[in-house]
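Keep in mind that this is a model prediction, so the values were computed, not measured. A, B, ... follow the sequence lines: proteins, then strands. Residue 1 opens every chain.
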Amino acid sequence: MPAHNADIARIFRNVAEYLEINGANAFRVRAYENAARTVESMARDVADMVAADEDLSGLPGIGEDLAKKIREIVDTGSLPLLEKLRAENPPGLLELLRVEGLGPKRVGILREKLGVESLDDLRKAVDSGAVRDLEGFGEKSEAKIGRALSALEKGRVTHEMSRMRLDEAEGFALPLLDHIRAVEGVVRAEPAGSLRRRKETVGDLDMVAVCDDPEKGPARVMDAFAAYDRVEEVVSKGETRATVRLRNGPSADLRVVPAESFGAALHYLTGSKAHNVRLRGMAEDQGCKVNEYGVFRGEERVAGETEEDLYAFFGMDFIPPELREDTGELEAARKHRLPALVTLADMRGDLHAHTDASDGRAGLEEMAEAARSRGYDYLAITDHSQAVTVAHGLDADRLAALIDAVDRVNDGLSGITLLKGCEVDILEDGSLDLPDSILKRLDLTVCSVHSRFGLPRDAQTERIVRAMDNPHFTILGHPTGRLIGKREPYAVNMERVIAAAAERGVFLELNAHPERLDLDDRHCRAAKEAGVLVAVSTDAHSPGGLDTMRFGLGQARRGWLEAKDVLNTRSLRELKKLLKR
DNA sequence: GCCGTTTTCGGCCCGACTGTTTTCAGTCG
Ligand SMILES: Nc1nc2c(ncn2[C@H]2C[C@H](O)[C@@H](COP(=O)(O)OP(=O)(O)OP(=O)(O)O)O2)c(=O)[nH]1
Ligand SMILES: [Mg+2]
Ligand SMILES: [Mg+2]
Ligand SMILES: [Zn+2]
């Protein structure tokens, strides 16, 4: 089995868990977690670096030892240390760490005193009432563990415990925020955490509220939060923070702070954890302390009312939430070299949309009007080609008719231009699904892989690169084929794909559908470095589909993209120049 | 296990909530 970055990261996380549950030094555990994060955040396949005999110990959090371990994983497909840990520990042991409220210390006690080595063992121990008599446990702990176990058992069946898509998370978060904003004394309530960082999946919801009544206010907010009608269980509830589990939904954390700490609290709860830890470490070097109440020099608070003043205190520019992953943003902010991230206002059009000519729901005029009303100057009509039979893909004759129809509709339009396009399948041999004779009549093509996802990595890469050699190839659609939470990306060497795109002057799509977000953030960054422009496109199948642009932009921003890095920020004139090969 | 224009050893973020605790450890964000 070839080891890709995700595999290496998984192995390191696994090692970290085994070390943690066996009481290893917490910083050693963290070293493995940090290494996992580093590898995971890379666009390049580490395996390719190993093959090229490149130095790995220069990567952040990777020293001599972990570099050697990475090479072992790449060369043999496994890590002897992990194999040893697996052999030494009972199979279900790590599951115990998934139980809310159980960490390495308490698992250690349960193991030693009661022989608990799996969730089943734990269930029996709880039901027998043996847990309450353990040192450091009691009746309440036992009951709480029992509840956490039940939640886990239930969640495992219904997948409630897994991370959810960003758009789904928003569906839970926005009404809850409205609920909090309606509480007396609340002057502000904002989303934080991974949702605010626009991560493609969200584990739980995090929010910050400001209360103008320091006496009674916070308790009132906590009570209202716990009383929200979609709350299934109040997990914890204190004076300034509470955690609830929503029915058929995620958990939610709320933090309430006074106005003067809003910036620091929002910063804390926005994270990421790695970003926080890093900034706090930097603060220490400067003789200060950062917490959720502000920046402190001794007892004196010197910043923290806003995020801007917090960063400014350290000589940094404001870091947009999407960048806060500790992948170089803190250094860039200090050097005043942060990118000016692309925004919705920069977008001049959409380059991937379907109509009822294939599997879309609306006609040309309706889609044009939808694009115009969103302030766009152009919309590319890119219905499917014939290979996608389930979507009534177009053959050459039907595409010709559609081209004529677009011309006719354009004549009657003002303030918006429809571009003639097609989402053309890339066939297994790398040829395109329609003849050049019809493709040459188009303004652009979105070329996509919709079949044979299981090709070996080299063959898949070759297939895509060969397709790019076709002079009518314009944009590579949803480049890795991933469906978040449903389908892994197909095996492909994206480093080569990006280089090939750069050589040929073609573009990569960032499909904005919240189930795709493909290119992902890492590859956006790599594309930018290679000088390849990214088309952020909605793949709309209806007028409303155009509104997923903001999800695509979230991912583009996570990938450090500026307006100049995005193809469809160009005016129609500039775009047409760029589309000529 | 990583890291270093103040260190190659000795640090590694800081605080809320819970429960069991006579003063705090464990877990989590
Ligand atoms: N300083 C500090 N902040 C933390 C720590 N753990 C979490 N945070 C902050 C940063 C996180 O973004 C924020 C919310 O925590 P979550 O566990 O909900 O993580 P996040 O929302 O980033 O990801 P998620 O999608 O929920 O898994 O709290 C920590 O150990 N130290
Ligand atoms: Mg969260
Ligand atoms: Mg949280
Ligand atoms: Zn499409």
_Base, sugar-phosphate or nothing for A:Asp65? Non-hydrogen atoms, less than 4.0 Å._
sugar-phosphate

*Distance below 4.0 Å between A:Lys237 side-chain N/O and B:dA16 OP1 or OP2*: no

_Need one value for A:Val15: base, sugar-phosphate or nothing, where a base atom within 4.0 Å counts as base even if backbone is also close, heavy atoms only._
nothing

*Could you check how far CG of A:Leu205 sits from C1' of B:dG29, rounded to whole Å?*
14 Å

*Distance, C1' atom - from B:dC2 to B:dT7, rounded to whole angstrom*: 14 Å

_Using the side-chain heavy atoms of A:Ser141, tell me which of these nucleotides is nearest: B:dT18, B:dG1, B:dT20._
B:dT20

*Just checking A:Glu139: base, sugar-phosphate only, or nothing, at a heavy-atom cut-off of under 4.0 Å?*
sugar-phosphate

*Remember a base hit wins even if backbone is also touched, and classify A:Asn34 as base, sugar-phosphate or nothing at under 4.0 Å, heavy atoms.*
nothing

*Scan A:Val290 against the nucleic acid and name what it touches under 4.0 Å (heavy atoms): base, sugar-phosphate only, or nothing.*
sugar-phosphate

*Roughly how far apart, to the nearest Å, are B:dG1 and B:dT5 at atom P?*
23 Å

*Minimum-distance nucleotide to A:Leu66 side chain [options: B:dT27, B:dG1, B:dC14]*: B:dG1

_Please name the nucleotide paired to B:dT8 by Watson-Crick or G-U wobble geometry with both distances under 3.5 Å, or report none._
none

*Which whole-number value in Å describes the distance from A:Leu310 CG to B:dC14 C1'?*
14 Å

*Check whether more than 12 heavy atoms from other residues, nucleotides or ligands sit under 6.0 Å from atom CD of A:Glu239, and answer yes or no.*
no

*If you look at every strand shown and take non-hydrogen atoms under 4.0 Å, does A:Leu279 touch a base, only sugar-phosphate, or nothing?*
nothing

*Return yes if the base of B:dC17 and the side-chain atoms of A:Arg241 contain a donor-acceptor N/O pair under 3.5 Å, otherwise no.*
no

_Contact under 4.0 Å: A:Arg28 side-chain N or O vs B:dG1 OP1/OP2_ = yes

_Please classify the nucleic acid contact of A:Tyr293 as base, sugar-phosphate, or nothing, using heavy-atom distances under 4.0 Å._
sugar-phosphate

_By nearest atom, which of the nucleotides B:dC17, B:dG15, B:dG29 is closest to the A:Asp253 side chain?_
B:dG29

*Scan side-chain atoms only and decide if A:Asn22 and A:Arg111 contain a donor-acceptor pair under the 3.5 Å cut-off.*
yes

*A:Asp53 CG: over 12 foreign heavy atoms closer than 6.0 Å*: no

*asked:* How many whole angstroms separate atom CZ of A:Phe314 from atom P of B:dC13?
replied: 14 Å

*Taking the inter-plane angle between the rings of A:Phe12 and A:Tyr32 on a 0 to 90° scale, is it parallel (under 30°), tilted (30 to 60°) or perpendicular (over 60°)?*
perpendicular

*What nucleotide among B:dT18, B:dC13, B:dG1 has an atom nearest to a side-chain atom of A:Val277?*
B:dC13

*From the options B:dG19, B:dT27, B:dC12, select the nucleotide whose nearest atom is closest to the side chain of A:Asn25.*
B:dC12

*From B:dG29, B:dC14, B:dC17, nucleotide with atom closest to A:Glu239 side chain*: B:dC17

*If only side-chain N and O atoms of A:Ser57 are considered, is one of them under 4.0 Å from the OP1 or OP2 phosphate oxygen of B:dC3?*
no

*Quick one: is B:dC13 close enough that its OP1 or OP2 comes under 4.0 Å of any side-chain N or O from A:Arg30?*
yes

*If the P atom of B:dT21 is compared with that of B:dG26, how far apart are they to the nearest Å?*
13 Å

*Are more than 12 heavy atoms from other residues, nucleotides or ligands located less than 6.0 Å from atom CD of A:Glu64?*
no

*Nearest to the side chain of A:Tyr32, which nucleotide is it out of B:dA16, B:dG1, B:dT27?*
B:dG1

*Can you find a side chain N or O atom of A:Asn276 that sits less than 4.0 Å from OP1 or OP2 on B:dC13?*
no

*NZ of A:Lys105 versus P of B:dT21: gap in Å, rounded?*
18 Å

*Parallel, tilted or perpendicular: rings of A:His275 and A:His267 (30°, 60°)*: tilted

*asked:* Side chains of A:Arg557 and A:Thr343: any donor to acceptor distance under 3.5 Å?
replied: no

*What integer number of Å spans the P atoms of B:dA16 and B:dG10?*
32 Å

*Would you classify A:Glu135 as touching base, sugar-phosphate or nothing, given that sugar-phosphate means primed atoms plus P, OP1 and OP2, and contacts are heavy atoms under 4.0 Å?*
nothing

_Need one value for A:Leu254: base, sugar-phosphate or nothing, where a base atom within 4.0 Å counts as base even if backbone is also close, heavy atoms only._
nothing

*Choosing from B:dG29, B:dC14, B:dC17, which nucleotide comes nearest the side chain of A:Lys289?*
B:dC14

